[in-house]
Amino acid sequence: MVSIILDSNSTIASSCCQTYLTVNVLHWPLTSKSCVVFYEPLTHWYYQGVCVVHEMMSSVLQLVNILYIPKRMFGSWRQMKRVGVCQSTGIQMAGSHIRHFHSTPHTSAEITAPQPSTTKTIKQVIEDLTRKVGAAKSFTHVIDRSSLLKLIPQSPDELPPRRMMDSWDSAIIPLGSEERLREKYVTFMGGVRVGRLLEDLDVFAVWLCYKHISNPRQTADLPSPYSIVTALVDRIDFDQGATLRPDQDIRMSGHVSWTGKTSLETIIKIEQLADGVWKQVTRAVFVMVARDPLNQGSAPVNPLVCETSKEKEIFHAGEVNKLQRKLIDAESLFKIPPNESEKTLVHQLFMGLTNPKERSFAFKSRPDNSVCMKDTKLKNLIICHPESRNIFNKIFGGFLMRKAFEMSWATAFVVSKQRPRVLHIDDILFRSPVEIGSLLYLNSQVVYTEGQHMQISTKASVVDVVTGSTNLTNIFHFTYEVDQPVPTTIPETYHEAMMYLDGRRHYQLVRGMRKFYGQGENPADTPI
């Protein structure tokens with residue numbers, strides 16, 4: 001059932017069946033000047049390949065203006081057929097202002113987890129993972145994996161379907177019992193280093209993917225021919241009010257939640273023991289990619305089957321997440337100019353830095369309690385030594401995330417002059433692997449501020465010392481909160497203005513102020 005609330009007196013209801021749609025128009029007090037805006041990806045309104053929105057309004061299309069997400073957002077409408085109507089939504093209209101009252105960007109459904117018979121530590125997970133892939137135990141020990149290429153299937157059809165429970169697992173970070181380990185995780189302020197948790201999350205996500213894969217071509221005496229690499233950290237949300245103590249055990253648990261032909265999505269939950277009860281602290285969504293033994297081409301993975309309604313909901317959310325990522329790419333400011341509201345915002349920022357009465361484009365003094373974006377940068381150069389390698393002799397993705405997070409935290413601390421608390425980590429993109437011996441250049445910058453919140457973008461690039469060029473390898477987005485309002489970030493160039501708008505979009509997306517990255521703020525922002 002899809003219900004669109006236009007106002008207190010009008011409701012359109014559409015009941016979706018396997019082969020047809022039934023449309024009941026209860027009230028329709030609209031005129032030719034009325035305007036209905038759907039600030040939802042059209043994937044949310046597709047069922048059996050049919051656009052429910054247009055079916056519902058086919059009889060009144062000549063009476064109202066229908067604003068929607070255009071077809072150019074996606075490569076093909078066929079990509080939407082598998083999604084169906086995944087959620088109901090509502091739009092309350094008041095003049096040109098639109099307020100969403102229902103938004104569920106990430107499902108809260110979880111599978112019923114079994115009680116593990118033994119307590120596995122994250123160290124044991126790393127040891128099991130090393131044995132499973134037959135990884136070299138030292139940097140100088142080189143292993144030839146080319147003989148494993150023949151074990152890679154040609155398509156997912158050759159692989160048996162797998163359940164979500166097949167990949168489910170949990171592991172403990174024993175901070176409560178291992179004092180020496182505690183020193184590795186504790187911050188100078190007595191908390192837990194989030195960067196260390198990011199490293200463990202990355203390892204655990206890889207482990208869950210290997211648990212999911214079942215390859216009939218592989219025998220028990222051979223290592224796995226698969227190379228699982230991190231493609232994207234979709235979202236990590238830290239629960240409000242939740243804190244981590246360095247003297248209590250931390251538990252990670254999760255499973256593979258969605259699969260494509262060669263990619264897998266994993267959901268991982270982090271909990272900490274408090275007064276004898278495990279309490280959730282954060283939830284992370286990782287997108288992994290399966291590669292061949294030499295990491296030169298993609299490899300098919302087992303399809304995922306859903307056994308319960310909860311599992312179907314989780315898998316469904318994975319489909320939506322995939323299309324949301326396509327939407328972010330399609331709505332990138334590198335591809336499409338800012339919408340009308342954003343253009344107006346940039347012009348207002350410009351006017352705040354000039355003197356209109358004098359008709360001069362020269363900058364005047366910046367507004368009170370503000371900081372120029374160029375003055376919020378922190379930079380660092382890291383030598384990538386072998387100790388930071390992964391099991392495939394590349395620089396470990398978790399290491400990159402830890403360094404980027406700590407750089408962004410320091411940036412927030414320096415700019416706000418207050419202790420920052422991370423709220424969200426989203427859309428961490430791994431563009432290319434980092435080789436051992438690389439010079440890694442980190443650039444962190446505050447790109448948007450609002451009240452007590454700061455949006456920080458950190459970029460990692462490999463520096464070529466011969467040519468002086470840089471190759472962008474990773475992009476990180478962090479949202480922080482402090483106790484007192486922070487200075488307003490002011491862009492001074494068009495380049496900085498685009499960074500400002502991109503940071504603003506990411507901030508509003510993770511804070512629930514917009515349902516998708518390119519969503520407009522009034523009807524004029526979305527083309528018909």
Task: Passing candidate, side chain to side chain contact (heavy atoms under 4.5 Å, CB included) with Asn302, options Pro153, Pro160, Pro156 - done: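 The option that passes is Pro160.
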
For residues [X] and [Y], is any side-chain donor paired with an opposing acceptor at under 3.5 Å?
| X | Y | answer |
| --- | --- | --- |
| Thr230 | Asp202 | yes |
| Tyr507 | Asp426 | no |
| Ser457 | Gln445 | no |
| Tyr480 | Ser408 | yes |

Minimum side-chain heavy-atom gap [X]-[Y] below 4.5 Å:
| X | Y | answer |
| --- | --- | --- |
| Asn474 | Leu429 | no |
| Leu400 | Val434 | yes |
| Lys211 | Trp168 | no |
| Leu264 | Trp258 | no |
| Arg162 | Thr259 | no |
| Gln272 | Arg251 | no |
| Leu323 | Glu319 | no |
| Ser224 | Gln218 | yes |

Open item on the list: Before you tell me yes or no, could you show the steps for Ile122 and Ile250 under side chain to side chain contact (heavy atoms under 4.5 Å, CB included), namely the whole-Å CA-CA distance, both residues' side-chain angles and the distance that decides it to 0.1 Å?
Closed with: CA-CA 10 Å; Ile122 188 62; Ile250 295 174; over 6 Å; no

Task: His424 ring center within less than 6.0 Å of Phe478 ring center - done: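 Judged by ring-centre distance (under 6.0 Å), Phe478 and His424 do not meet the cut-off.
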
- [ ] Begin from the C-alpha positions of Tyr185 and Asp200 and carry the test side chain to side chain donor-acceptor pair (under 3.5 Å) through to its verdict.
- [x] CA-CA 11 Å; Tyr185 283 80; Asp200 293 335; 2.4 Å; yes

Could you state the interatomic distance from [atom1] ([X]) to [atom2] ([Y]), rounded to the nearest 0.5 Å?
| X | Y | atom1 | atom2 | answer |
| --- | --- | --- | --- | --- |
| Asp464 | Thr467 | CG | OG1 | 3.5 Å |
| Gln248 | Leu244 | CD | CG | 11.0 Å |
| Ile436 | Glu387 | CD1 | CD | 11.0 Å |
| Lys269 | Leu201 | NZ | CG | 13.5 Å |
| Ile391 | Ile228 | CD1 | CD1 | 9.0 Å |
| Met288 | Leu208 | CE | CG | 9.0 Å |

For [X] versus [Y], what's the shortest heavy-atom pair and its separation?
| X | Y | result |
| --- | --- | --- |
| Leu159 | Pro300 | CD1-O, 3.6 Å |
| Ala330 | Ile336 | O-CD1, 3.2 Å |
| Ser416 | Ala412 | OG-O, 2.6 Å |
| Asp249 | Ser177 | OD1-N, 3.9 Å |
| Ile236 | Ala284 | CG1-CB, 3.6 Å |
| Met407 | Leu378 | SD-CB, 3.8 Å |

Sub-3.5 Å donor-acceptor pair from the side chain of [X] to the main-chain atoms of [Y], do we have one?
| X | Y | result |
| --- | --- | --- |
| Tyr226 | Val133 | no |
| Ser227 | Asp292 | yes |
| Ser438 | Val462 | no |
| Thr449 | Pro487 | yes |
| Thr376 | Val446 | yes |
| Thr489 | Met373 | no |
| Asn380 | Leu442 | no |
| Gln508 | Arg505 | no |
| Asp234 | Val285 | no |

Taking the basic N atoms (NZ, or NE/NH1/NH2) and the acidic carboxylate oxygens, is any pair closer than 4.0 Å for [X] and [Y]?
| X | Y | answer |
| --- | --- | --- |
| Arg196 | Glu199 | yes |
| Lys335 | Asp329 | yes |
| Asp502 | Arg504 | no |
| Arg511 | Glu450 | no |
| Asp483 | Arg419 | no |
| Arg163 | Glu311 | no |
| Asp247 | Arg182 | no |

Open item on the list: Within a 6.0 Å radius of atom CD1 on Ile383, are there more than 12 heavy atoms belonging to other residues, nucleotides or ligands?
Closed with: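 Counting neighbours around CD1 of Ile383, 12 or fewer heavy atoms of other residues, nucleotides or ligands fall under 6.0 Å, so no.
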
Task: Lys120 and Asp169: CA distance, side-chain angles, deciding distance, salt bridge (Lys or Arg N to Asp or Glu O under 4.0 Å) verdict - done: CA-CA 9 Å; Lys120 182 188 302 182; Asp169 208 348; 2.9 Å; yes

TODO: Would you sort out whether Ile314 and Ile267 count as a side chain to side chain contact (heavy atoms under 4.5 Å, CB included), showing the intermediate values?
DONE: CA-CA 9 Å; Ile314 293 171; Ile267 295 177; 3.9 Å; yes

TODO: Take Glu496 and Tyr500, measure what side chain to side chain contact (heavy atoms under 4.5 Å, CB included) needs, and give me the verdict at the end.
DONE: CA-CA 6 Å; Glu496 290 181 346; Tyr500 178 91; over 6 Å; no

Open item on the list: side chain to side chain contact (heavy atoms under 4.5 Å, CB included), that's the test. Do Cys384 and Glu435 meet it? Break it down for me.
Closed with: CA-CA 8 Å; Cys384 298; Glu435 301 291 340; over 6 Å; no

Under 30°, 30 to 60°, or over 60°: which ring-plane class applies to [X] and [Y], parallel, tilted or perpendicular?
| X | Y | result |
| --- | --- | --- |
| His477 | His506 | parallel |
| Phe430 | Phe476 | perpendicular |
| Trp409 | Phe188 | perpendicular |

TODO: Output, in order, the C-alpha distance, side-chain angles, deciding distance and verdict of side chain to side chain donor-acceptor pair (under 3.5 Å) for Thr458 and Ser444.
DONE: CA-CA 4 Å; Thr458 303; Ser444 185; 3.1 Å; yes

